[in-house]
Amino acid sequence: MYYFTGSNLFGQWITKENIIDGFRTFSETDEIDCLFCEKNAKLVYISWSYNIIQCNNEFYAIGAWNGLENQCEKIALPDECMNSDLSLVGNDYRLVVVNRNTNTLWLINLEHVNDVKKIKFDTEVPIEKEPKKLKKVDSILKVAACNDSFLFLTTEGVVYSGLLPSYVDTSHCLGRVVDVHCGYEHCILLTDAGEVYTWGNGRRLQLGHGDVNILDSPTIVEALSGIKVKKIAAGGWHCLALSEFGDLYAWGWNDTGQLGIIEKGNKETLKSCSVPTLVDLFDDDVEIMKNVEDIACGSRHSAVLLEDDTVWTAGNNKYGQLGLSVDKHPVVQGFKKSFYCKSGMALMCGLWSTVVISDQNKIAK
Amino acid sequence: MAVNAEVFEKIEKYRPKVIISLQEVEDLDVTCKSLLQRYLSNTELINSSAVVKIQAVLDYMYEQVNIGNWKEVKLFLRKTITITSYLKLLAHIKCSTEFSDSVIKESFKIIDIGLLFGCPLEAEPKLLKICASEINSKVVPAVNSQVSEISAIPSELPTNAIKFNAVPVQTIDCPSMEYFYKNFILTETPVVLENCIDHWPALSKWTDQNYFINLAGFRTVSIELGSKYTDQDWTQKLMTIGEFVKSHIYQSDGPTGYLAQYQLFDQIPELRDDISEPEYCCFSEHNEPVDINAWYGPKGTVSPLHHDPKRNLLAQVVGEKQVFLFSPTDSEFLYAHEHELLNNTAQVDPRRPDLEKYPKYQHAKPHYCVLRPGQMLFIPPKWWHFIESLSISFSVSFWWE
């Protein structure tokens with residue numbers, strides 16, 4: 001099942017309140033909630049103003065849609081998409097439908113939903129840059145999107161960026177690329193060797209190289225080399241990384257405490273981190289020794305799931321995204337326990353929301 | 001009619017123009033656009049739920065304008081902030097039952113944040129400033145007596161040029177336009193001008209710091225915190241002028257606060273009436289308006305050694321500042337920071353030059369002066385300058401090309 005908290009300004013979680021400031025779930029008896037509860041329904045994407053649900057081969061937009069609020073509309077997809085393996089992401093301006101079988105993208109303009117643009121995705125890699133022999137047919141494994149940033153990862157570990165996807169040279173990366181995430185203006189990738197690379201805008205320290213430089217190509221995060229990283233996440237201007245031993249690292253902008261770090265003896269000041277910094281969790285000043293199992297970032301908040309099924313959140317809580325009372329905790333500095341989810345499996349964040357998933361079948365691939 | 005209803009009516013008059021200005025944010029996403037359209041066209045719809053949504057658009061736009069370089073932020077995003085701030089102000093006054101101090105304070109905060117992050121609309125370029133004046137006209141000024149004893153604190157004797165092995169900057173008495181142009185602007189020579197701003201009301205009014213509290217204590221400004229902008233823990237914070245004067249001018253337990261390079265006169269036109277643009281600024285190669293900035297802070301504010309592209313007249317209104325100047329030909333002796341963001345800033349501190357670290361500095365030729373109230377310093381373009389306040393200080397800079 002899904003347990004969610006945060007912005008419901010446009011009815012994207014179906015309930016009435018604008019702000020949900022405590023994790024809750026759908027009632028299976030409520031007819032409208034059913035879409036989320038359908039056996040095959042999966043939450044595939046959380047945008048600022050709408051959620052996308054996939055049910056079998058159909059997609060639904062819930063929330064703001066077509067200039068109206070509190071909508072629940074089936075998205076009209078191009079005929080060619082019928083019975084294909086699709087993935088869907090979006091921002092405030094367009095939806096991007098990805099056909100994994102044919103490597104085709106359709107861009108649906110949200111202002112005029114009938115305005116659909118088709119882009120054929122050329123997955124060939126320049127030969128001089130990729131000496132390894134490639135499978136002829138390489139299909140899209142994952143799409144990451146945040147605002148105007150888009151990243152595509154293929155099953156062969158090749159990365160493309162942008163709405164007109166252009167090849168990102170990762171030939172210098174150690175290992176094969178297995179995951180990509182992007183923030184408002186930075187990108188992060190993970191390889192199967194456990195190495196982390198970042199690129200994009202570093203003005204708010206989000207690249208983790210100890211400076212504010214802008215980088216055009218993926219650059220290894222030195223402070224994490226030697227640590228085998230198994231998961232990564234990108235917020236608006238910050239990043240999280242999780243090591244194979246369940247240790248959590250954070251870096252980037254910390255204006256609302258989104259790094260979850262408490263400086264000992266100095267609880268007031270929020271300090272941004274220019275390099276990955278080990279994050280310790282405290283419950284009433286007692287350090288929690290449990291391993292972190294999953295991580296996720298919103299635009300200015302972070303969430304982690306521990307092995308004991310507790311969810312901890314930090315950062316901006318203006319819209320309830322931390323699952324804590326907005327009045328009592330407008331911002332939270334230092335991760336705070338906000339939920340216990342029996343058999344919590346995974347986390348997902350929207351810009352201003354957090355979701356815990358407790359059922360393997362509900363996790364979108 | 002109740003005062004807040006009166007203010008609402010005055011501000012509401014601009015609504016048709018703001019609706020027209022929605023055309024200027026045509027590029028905005030459809031969700032935000034229809035939300036603004038809906039509440040602007042019918043203020044009856046504004047309820048507590050609408051207030052949350054309007055605030056959410058503002059918060060979302062705040063995130064959007066934080067993406068990328070500030071100077072390259074798309075105008076329609078900043079215009080959306082202006083429009084949404086106006087709508088928030090309307091909603092705020094509509095939903096309040098009286099015109100209390102807290103309502104006024106919040107109104108100014110809405111306006112000032114709109115002015116800071118937004119930008120003018122073509123349909124009504126002065127929208128938020130007009131709203132501020134409308135509210136101001138209904139405010140009965142409270143006389144602040146809490147901290148009245150202070151006028152500018154006399155400073156200790158300023159250090160002199162000899163100590164720094166420096167050449168004193170020439171001082172001349174209110175030169176003619178022609179003389180100033182020929183001998184200083186054309187030759188790009190720094191000079192201290194006397195008796196040029198004696199007629200400014202600011203010279204007497206601004207010595208009483210309560211003047212700012214009474215005139216604009218509720219207005220929000222952006223304050224630089226930290227001893228200088230090159231420091232690691234340097235940061236900026238929004239606070240009201242009242243809070244700034246009380247916690248950073250009169251006393252300073254925490255970091256040094258500095259209202260630096262701030263377009264205060266644009267925001268608070270009443271203060272603009274206390275100064276006037278020096279005639280010397282009319283020697284301009286472009287027809288662009290002179291860039292006027294306020295520099296207000298306690299003793300000990302430091303602008304590290306740097307240079308600017310424009311000509312600068314720095315008028316000292318309250319207190320004293322010591323200034324070091326270096327010709328552009330001295331650049332190689334001053335060790336500019338290598339990073340692109342700081343390459344107009346030098347690493348040397350001319351007060352205590354570290355000759356082991358910066359040996360070439362010994363060849364540099366510092367020019368030095370202490371600026372006193374009523375004096376004005378001409379800094380030619382590209383001249384390096386280091387400025388430190390020796391007391392509570394208020395300066396006004398005029399940049400032009």
Side-chain angles (χ1 to χ4, degrees), chain A residues 7-12 16-19 47-50 63-69 71 90-94 109-113 146-149 183-186 200-204 211-214 235-237 253 255-256 268-272 274 298-300 316 318-319 326 351-352, chain B residues 22 25-39 41 45 47-74 76-77 80 225-226 230-238 253-255 337-343:
Chain A
S7 160
N8 184 44
L9 293 158
F10 305 99
Q12 55 266 62
K16 283 205 179 80
E17 321 90 291
N18 283 317
I19 291 169
S47 167
W48 179 67
S49 61
Y50 58 84
W65 190 250
N66 218 2
L68 300 168
E69 298 172 6
Q71 300 295 298
N91 60 20
D92 305 317
Y93 296 90
R94 55 185 60 83
N109 182 342
L110 290 185
E111 188 136 17
H112 312 280
V113 286
C146 181
N147 202 47
D148 286 338
S149 305
Y184 276 137
E185 45 186 336
H186 72 292
N201 193 326
R203 288 286 188 259
R204 295 189 189 278
D211 56 36
V212 291
N213 292 337
I214 294 166
W237 298 271
W253 203 23
D255 69 321
T256 56
E268 292 307 308
T269 52
L270 294 165
K271 228 175 168 181
S272 297
S274 65
S299 69
R300 294 195 286 162
N316 191 9
K318 190 160 182 184
Y319 293 91
V326 169
L351 291 175
W352 296 357
Chain B
L22 284 173
V25 297
E26 191 55 30
D27 290 341
L28 185 64
D29 72 90
V30 61
T31 304
C32 291
K33 216 160 46 185
S34 27
L35 192 153
L36 295 176
Q37 173 90 48
R38 177 171 5 122
Y39 296 121
S41 345
L45 293 175
N47 54 17
S48 59
S49 162
V51 169
V52 175
K53 289 180 188 181
I54 292 165
Q55 180 62 44
V57 172
L58 216 45
D59 287 337
Y60 194 42
M61 290 303 130
Y62 172 78
E63 289 191 2
Q64 301 282 316
V65 300
N66 262 290
I67 301 170
N69 286 343
W70 172 245
K71 284 182 182 156
E72 288 154 23
V73 169
K74 293 197 182 86
F76 77 84
L77 295 172
T80 302
L225 294 176
T230 43
D231 281 4
Q232 270 283 309
D233 51 1
W234 182 89
T235 173
Q236 284 166 294
K237 195 180 166 191
L238 297 182
D253 305 334
H337 283 272
E338 272 167 24
H339 199 275
E340 53 177 310
L341 290 178
L342 279 176
N343 61 13

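Predicted, not measured: the structure shown is a model, and the values here were computed from it. Naming: A, B, ... by sequence-line order, numbering from 1 per chain.
- Contact detail for A/N18 and B/S49: the closest heavy-atom pair is ND2-OG, 3.0 Å.
- Contact annotation for A/I214: neither backbone nor side-chain heavy atoms come within less than 4.5 Å of a heavy atom of chain B.
- Classification of the A/W48-B/Y60 ring pair by plane angle, with boundaries at 30° and 60°, yields parallel.
- For a residue to count as touching a neighbouring chain, one of its non-hydrogen atoms must lie under 4.5 Å from one of that chain's; by this rule A/K271 does not touch chain B.
- A/F10 and B/L35 make their closest contact through CE2-CD1, 3.7 Å (heavy atoms, listed as atom of the first residue, atom of the second, distance).
- Of all heavy-atom pairs between A/R300 and B/Y62, the closest is NH1-CE2, 3.8 Å.
- Side-chain contact between B/T31 and A/Y50 is absent, with no heavy-atom pair separated by less than 4.5 Å.
- Heavy atoms of A/E17 lying under 4.5 Å from chain B are absent altogether.
- Within the 4.5 angstrom heavy-atom criterion, atoms from both the backbone and the side chain of B/D59 approach chain A.
- With a 4.5 angstrom heavy-atom cutoff, B/Q55 touches chain A via backbone and side-chain atoms both.
- Residue A/R94 does not touch chain B at all, counting heavy-atom pairs closer than 4.5 Å.
- For chain B, the option among A/D148, A/N66, A/N213 with the highest count of heavy-atom pairs below 4.5 Å is A/N213.
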*Run the side-chain contact (heavy atoms from CB on, under 4.5 Å) check on B/E63 and A/N147 step by step: do they pass?*
CA-CA 11 Å; B/E63 289 191 2; A/N147 202 47; over 6 Å; no
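- Residues A/G67 and B/S34 come closest through the heavy atom pair O-OG, 3.2 Å.
- Heavy atoms only, all atoms of each residue included: B/I67 and A/W237 are closest at CG1-CZ2, 3.8 Å.
- Shown here for B/G68 and A/E185, the closest heavy-atom pair between the two residues is N-OE1, 2.7 Å.
- From A/N201, atom CG reaches atom CG of B/N69 across 6.5 Å, with rounding to the nearest 0.5 Å.
- B/H339 has its side chain within reach of A/V212: a pair of non-hydrogen atoms, C-beta onward, lies under 4.5 Å apart.
- Neither the backbone nor the side chain of A/W65 comes within contact range of chain B; no heavy atoms are under 4.5 Å apart.
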